[in-house]
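Take a look at the structure set out below.
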Amino acid sequence: MELPATVKLVAVSKFHPFESIEQAYEAGQRCFAESRPQELVAKMKTLESRRIELGDPSYMSDVEWHFIGHLQTNKLKMVLPHVSLVESVDSVRLLEAIDSWGRANNLVSNILLECFISRDETKQGLSEEEVSTIIADKEKYDFVNIKGVMGMASYTDDANVIREEFGRLAEIASMMGENTEISMGMSGDYPIAIEMGSTMVRIGSMIFGDRN
Ligand SMILES: *Cc1c(COP(=O)(O)O)cnc(C)c1O
């Protein structure tokens, strides 16, 4: 898979064993994403055991984790200390909870605002209007760094629909100024996402194979 130098590859390792992550790491991949708090914590523990087993505390120390799944406010402590980016902030309530958790624990979190751009009712995300409000109020979130947006296109073969939805996400991102991250594109639609201005693609099955 060839990506332009401006696009970061996030390897989505959910449902795959830690050994698969190690293999990708050996091949040079540094950024991985998980979607379930329990699974993230389990993988952190496995990494810790590997370090002890190898007698090498710095084993894989330059690995970076993103969180990309739905995050419940009672699971913040399982996720926030371990990740460099929460890509899936899909409600104002969650944003506020991350900010107050950060205030209480003195931890600033980098986040993306997950926007609802698709036709699929099952998908989550903020409306364009909610994003505008958050941006206007962003000074009040001292413990949150809003780095950009994330979105998922409809599950369809129609490239025009996907192009239009990613275009809308890029438009929302343009309200947020320069250097805004736009996380869009998965195994099935990343070429269109890149065409529409993605800065970060989240690829799972194309790297690790099918999930069961
Ligand atoms: C699982 C997942 C991906 C990766 O999907 P693939 O089709 O396997 O590339 C990307 N983004 C999110 C939010 C996911 O949950």
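What you see is a predicted model, and the numbers here were worked out from it, not measured in a lab. Every number for a ligand or one of its atoms is a count from 1 in the order of the listing.
The closest side-chain donor-acceptor pair between H66 and E64 falls under 3.5 angstrom. Using a 3.5 Å distance cut-off with no hydrogens or angles, the side chains of E114 and S88 do not pair a donor with an acceptor. Looking at D189 and Y155, their side chains never bring a donor and an acceptor atom within 3.5 Å of each other. In the model, E22 has a side-chain atom that pairs as donor or acceptor with a side-chain atom of Y59 under 3.5 Å.
Summary of contacts: the protein heavy atom closest to atom 11 (N) of ligand 1 is R202 NE, 2.8 Å. Distance from atom 9 (O) of ligand 1 to its nearest protein heavy atom, with residue and atom name: S187 OG, 2.5 Å. Protein heavy atom in closest approach to atom 2 (C) of ligand 1: K14 NZ, 2.6 Å. Counting protein heavy atoms only, atom 12 (C) of ligand 1 is closest to I68 CD1, 3.5 Å.
Taking all heavy atoms of M186, M152, M206 into account, the minimum distance to atom 10 (C) of ligand 1 is reached by M186.
Looking at ligand 1, you won't find any N or O of V12 less than 3.5 Å from one of its N or O atoms.
At a threshold of 4.5 Å between side-chain heavy atoms, the hydrophobic network of Ile, Leu, Val, Met, Phe, Trp and Tyr places L85 and W101 in two separate groups. The hydrophobic clustering, which links ILVMFWY residues whose side-chain heavy atoms are closer than 4.5 Å, places V86 and I135 together.
Annotation for ligand 1: atoms under 4.0 Å from non-hydrogen atoms of I203 are 9 (O).
Residue contacts with ligand 1 include R211, since one of its heavy atoms falls under 4.0 Å from the ligand.
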